[in-house]
Participant: 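Please read through the structure below; I'll follow up with questions.
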Amino acid sequence: VKKFLNNPNDVVEEMLDGLIASHRSYLQPVGTSRRALVARNGPRPGKVGLVIGGGTGHEPCFVGYVGKGLADAVALGNIFSSPPPDPIVKCAVAASGGAGVLFVYGNYAGDVMNFEMAAELAEEQGIPIRTVLTTDDIVSSPVEDREGRRGVAGNFFVFKVAGAACDLGMTLGECETVTRKANDRTYTVGVALESCSMPQTRRHNFEIGPDDMELGMGIHGEPGVSRERVRTADEIVDTIMDNIFKEMKAEPGDRVAVLVNSFGATPLMELYILYRRVEQRLAAKNIEIEANWVGHYCTSLDMVGASISILHLDRQLTELLHHPCRTAILTINAPEADGAAKS
Amino acid sequence: VKKFLNNPNDVVEEMLDGLIASHRSYLQPVGTSRRALVARNGPRPGKVGLVIGGGTGHEPCFVGYVGKGLADAVALGNIFSSPPPDPIVKCAVAASGGAGVLFVYGNYAGDVMNFEMAAELAEEQGIPIRTVLTTDDIVSSPVEDREGRRGVAGNFFVFKVAGAACDLGMTLGECETVTRKANDRTYTVGVALESCSMPQTRRHNFEIGPDDMELGMGIHGEPGVSRERVRTADEIVDTIMDNIFKEMKAEPGDRVAVLVNSFGATPLMELYILYRRVEQRLAAKNIEIEANWVGHYCTSLDMVGASISILHLDRQLTELLHHPCRTAILTINAPEADGAAKS
Amino acid sequence: MSETAARALAQMFERMSGVIETEKDHLSELDGAIGDGDHGITMSIGFKAVTAALAALDLDSASPSDVMSTAAGGFLDAVGASTGPLYATGFRRAAQALAGRGHLDLAACRDMLAAMSEGIRDRGKAQRGDKTMLDVWMPAAEAAATAVANGRSKPEFWKAVEIAAENGAAATATMVATKGRAARLRERSLGHTDPGAASAAMLIKAMAAML
Amino acid sequence: MSETAARALAQMFERMSGVIETEKDHLSELDGAIGDGDHGITMSIGFKAVTAALAALDLDSASPSDVMSTAAGGFLDAVGASTGPLYATGFRRAAQALAGRGHLDLAACRDMLAAMSEGIRDRGKAQRGDKTMLDVWMPAAEAAATAVANGRSKPEFWKAVEIAAENGAAATATMVATKGRAARLRERSLGHTDPGAASAAMLIKAMAAML
Ligand SMILES: Nc1ncnc2c1ncn2[C@@H]1O[C@H](COP(=O)(O)OP(=O)(O)O)[C@@H](O)[C@H]1O
Ligand SMILES: Nc1ncnc2c1ncn2[C@@H]1O[C@H](COP(=O)(O)OP(=O)(O)O)[C@@H](O)[C@H]1O
Ligand SMILES: [Mg+2]
Ligand SMILES: [Mg+2]
Ligand SMILES: [Mg+2]
Ligand SMILES: [Mg+2]
């Protein structure tokens, strides 16, 4: 697999060079640590700080969600590896406005251990920490083991809600509660057609047969839950939506937000074809789409595949979803013109 | 090559279903034609209308650039095929506010013939038309044959400037002049590591050897200008920037806008590594980056590759670049909050 | 006789559509080598649209000219691309050349080929040797003119036209493209047959078989 | 004597780093089958950071405990991931177990292995049979305890520890993962050796060779 790379061992550091330079108007390193980045326009006294983070290789996740109205700081690890406690603590300190700090990250053994160690260290420094683990991948574990599920692209919605809650001045406890609700009401299923390849190996992490696809694929190139024959786009969406409908208790007239996300190499053309069917399936149940995003929001290097996430809205979540934010990749009801030409 | 598809012959129609549904808050079909889409918030009396368009397979180009402050209407063809005159004429009529309509599109034989036929038909209906062909691909033809060059990802900048000029109420002639200037000052070079594959064939359009890359690759899977051994990311950027510096008459202290664009399958991680080197090269010449975009802005289905575009700014272009716009994929200094949660 | 001529043209278009359908992948492959790989797809969509448009036409009352202009409209609205304006203009000019004619005699066929070739040339502003479909249509039209001038029989006429078309298509492999997408490849286009020339030769073969 | 023990530990870490470097691709491949394919890379970065941190340490004055806690810090700050907290905690506990000790006699080695294994267990909250590195460290620590209790010689001690580690690693192939990324694969993880267990057995082999 060919890639634009220099020394593969420098890939994360070089990406950080580019990323920090490119998003200079939104964020900056905390001190000299480039693995801890803080929003220029984020933390403020009295506001609960929102810290997100995880491994790299998911761009624009997580760094694209740092900015006014969304996350205050992000801690970044190596490719597909949780950051160590040190940058997470730095983020907590940088994000802290005296009202406590909320950690939101995906439920993976490595992330949990590192963020927990960081939470202990931050609390020793007098910063109250609450944590919400994202667990939106509904096929990664049966419903009896909801807390065992992993967090995937649906963290987009969970971050958005958490960022809005923090920005609105809610207390740490309130922020935690509503973020937990957002996570509980977010449902994601992913499908991969080809595995991703690490810069260091430039080989597929594993092989998916020429006529096969992997259902329930994780965002770290972990195998999914079952290997199946490739089917049509509509059949794939139907399988995904059937899984989601099995868990989501939506009534006719309910509203949802939809995210159709590329894992990296799947182009927009195909995402739109998937979105088309998602809309048909929701419309057939009289469920309305309040807002949608179609594109690259949480990738897995160069994986060929896509995921569909549905956030089952209620009045509070709808308000928080529409709350203004401005980050490198997400501007909603732009909070203020700031004179910088930025996408 | 595996893809999310139903019947490959329906791919464009199905994509349009999804795309129109997804971007409903920005645009709508002109009458019953789904190949002609008009901005909800675009055309207005007295304003020059901006019509863009081309083949599909380049998403988010061109449809992502339709909206307030940018293009008023877009005509879409089949994959990598110019739209026929009919939807282009429909776009011209829909975009017309009585002050004339500007056509901006890439310089390809097919597009030129179809847009010219459409221009004749629109003028017969009393709509004055001016045309600017984008020709930013500097390696596609020698400098003596500048007008023979093709338009690629740099049309991003040309569209942005044209949209701002129209929105500011400039006359048709003024809009044409400044758009032409933007095109003259935009320089793009692309490199492909793998060719794209059409939904109908699911085979690479052509093969690039396992250790090779294609310099000057077009955005329609056309072969580029030379086949070379794959080099490091920095070496590739150096080749591209050397080509650009050869033509761009930039002095120390000048300002530019930078676009690092994925051709489809190349992930953000690698784009940031390319951006890093672009910044280094510009910094070494004391050229400042006024704004930058890194991501998927003009793709070629699932091609593995990237392009670098530089817009050499002057005072007027800088102002037009920062002029507010709000489209499906580009919000700059958001013109107004509109209550819709949209990326 | 007018119905028969119109019907013959409609059947010719069906034959063309069939040939393109069979050769679709081959044409896309040729285009993949020096263009954007869609020529087979574009031609297939275009000729399907033509046969659909003709199916809606009342062939009992339509003139040959009506058939050609219906084909022009159907083709253009369905494909755009380079081929859309080129063939639509060619068919439209052929419609003009056939206006008022009920018979498809050799003179009519000669005039139709000349009109096609001029329409394509005027629309695309290419010249012979530019490595395009024109390198098929022009020699074919010339061969038709010569054959009529020399009083050739119908089979001889079409044989000459077909051979000129095939030679024209083959010759494009020795040309450096200067028009269309392939022009950017310059010398690298050498050795590859132009896809538009290849499909043009197929279309002419279909004409020869049906008229 | 204290310098010698510290130096021996530092050399042990260098050996570990060397082995991981050699087996990096193999470990990533194992992780690719049931995890995210980075285990070799993570371990390589981690042990390079450990040897870099130890290079900055004055081994003439450092105690064995200092070496272990320096290794813990270096490893953790460089990698994060699952292995970061697990090995950092293991090394930190080993540092505590070695505190005040200058000799690396078999009792010290036994206590160090026990501390490693407990640290990893406490941090990761896994149990034996969960298909993790613990399925190597626990039997290795137990084998060490038995060997000391039975008064085995140094070569016998390390042989027993190594065999226990290797058997433990091999046994993970027959287990269904319930911790870490592989847990989501459930039955599909069967037949695959756990990458963390495989690397743990390599680390223990390096210990056996150097201590
Ligand atoms: N200006 C022109 N004049 C005549 N023929 C042309 C011209 N430009 C392109 N062509 C023909 O069109 C063919 C390509 O057609 P097609 O692939 O369908 O369109 P596109 O180039 O838009 O993808 C070329 O092989 C060539 O024969
Ligand atoms: N809770 C845990 N307790 C013990 N070992 C664990 C635990 N979770 C994961 N592991 C070990 O970590 C290994 C994976 O390490 P690595 O690939 O470096 O980290 P990551 O899973 O973060 O990518 C697994 O093979 C397993 O042996
Ligand atoms: Mg990992
Ligand atoms: Mg084309
Ligand atoms: Mg073509
Ligand atoms: Mg791993």
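Letters A, B, ... mirror the listed sequences (proteins, then strands); counts begin at 1.
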Participant: Given a strict heavy-atom distance threshold of 4.5 Å, which part of B:A257 is in contact with chain A: side chain, backbone, both, or neither?
Facilitator: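 Neither; nothing under 4.5 Å.
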
Participant: Does either side chain, that of A:H322 or that of A:E290, offer a donor lying less than 3.5 Å from an acceptor on the other one?
Facilitator: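 Judged by distance alone, the side chains do pair up.
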
Participant: Could I get the full list of side chain to side chain donor-acceptor pair (under 3.5 Å) partners for A:Q200, not counting sequence neighbours?
Facilitator: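 Scan of A:Q200 (side chain to side chain donor-acceptor pair (under 3.5 Å), adjacent residues dropped) gives none.
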
Participant: Please determine, among B:G57, B:P210, B:S262, B:S300, the option with the most heavy-atom pairs under 4.5 Å with chain A.
Facilitator: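 The answer is B:P210.
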
Participant: At a heavy-atom separation under 4.5 Å, does B:L5 approach chain A through its side chain, its backbone, both, or neither?
Facilitator: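 Backbone plus side chain of B:L5, per the 4.5 Å heavy-atom cut-off to chain A.
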
Participant: Which answer fits A:V11, side chain, backbone, both or neither, if we ask what part of it has an atom under 4.5 Å from a heavy atom of chain B?
Facilitator: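 Both backbone and side chain.
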
Participant: Identify which part of B:T299 has an atom lying under 4.5 Å from any heavy atom of chain A, answering side chain, backbone, both or neither.
Facilitator: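 The answer is neither part of B:T299.
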
Participant: Using heavy-atom distances under 4.5 Å, tell me whether B:E14 contacts chain A through its side chain, its backbone, both, or neither.
Facilitator: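 For B:E14, backbone and side chain are both near chain A.
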
Participant: Check each atom of A:I208 against the heavy atoms of chain B and say whether the ones under 4.5 Å are side chain, backbone, both or neither.
Facilitator: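 For A:I208, the contact with chain B is made by backbone and side chain together.
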
Participant: Less than 4.5 Å to any heavy atom of chain B: does that hold for the side chain of A:V191, its backbone, both, or neither?
Facilitator: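 Both backbone and side chain.
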
Participant: Please determine whether salt bridge (Lys or Arg N to Asp or Glu O under 4.0 Å) holds for the pair A:E13 and A:R35, giving the CA-CA distance in whole Å, both sets of side-chain angles, and the decisive distance to 0.1 Å.
Facilitator: CA-CA 9 Å; A:E13 288 305 319; A:R35 302 300 185 104; 3.1 Å; yes

Participant: Determine the option with the most heavy-atom pairs under 4.5 angstrom with chain A, choosing from B:R276, B:E59, B:E235, B:M213.
Facilitator: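 If we count pairs closer than 4.5 Å to chain A, B:R276 comes out on top.
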
Participant: Is a salt bridge present between A:D17 and A:R34, judged by a nitrogen-to-oxygen distance below 4.0 Å?
Facilitator: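 Counted as a salt bridge, because a side-chain N and a carboxylate O are separated by less than 4.0 Å.
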
Participant: Among residues at least two apart in sequence or on other chains, which ones pass side chain to side chain donor-acceptor pair (under 3.5 Å) with A:R203?
Facilitator: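 Residues passing side chain to side chain donor-acceptor pair (under 3.5 Å) with A:R203: D:E29.
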
Participant: Measure distances from A:L193 to the heavy atoms of chain B and classify the residue's part below 4.5 Å as side chain, backbone, both or neither.
Facilitator: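 For A:L193, the contact with chain B is made by backbone and side chain together.
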
Participant: What I want to check is whether the side chains of B:N78 and B:T56 have a donor and an acceptor closer together than 3.5 Å.
Facilitator: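 Checked: B:N78/B:T56 side chains show no N/O donor-acceptor pair below 3.5 Å.
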
Participant: When you measure from the side chain of A:E270 to the backbone of B:F4, do you find a donor-acceptor pair of N or O atoms at a distance under 3.5 Å?
Facilitator: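 Between the backbone of B:F4 and the side chain of A:E270 there is a qualifying donor-acceptor contact (under 3.5 Å).
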
Participant: Under 4.5 Å heavy-atom distance to chain A, tell me which part of B:I20 shows up: side chain, backbone, both or neither.
Facilitator: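 For B:I20, neither part sits under 4.5 Å from chain A.
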
Participant: Given heavy-atom pairs under 4.5 angstrom as the criterion, report whether the side chain, backbone, both or neither of A:L274 touches chain B.
Facilitator: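 For A:L274, the contact with chain B is made by the side chain alone.
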
Participant: Could you tell me whether B:K68 and B:D167 make a salt bridge, using a distance below 4.0 angstrom between a side-chain N and a carboxylate O?
Facilitator: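 Yes, B:K68 and B:D167 are salt-bridged.
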
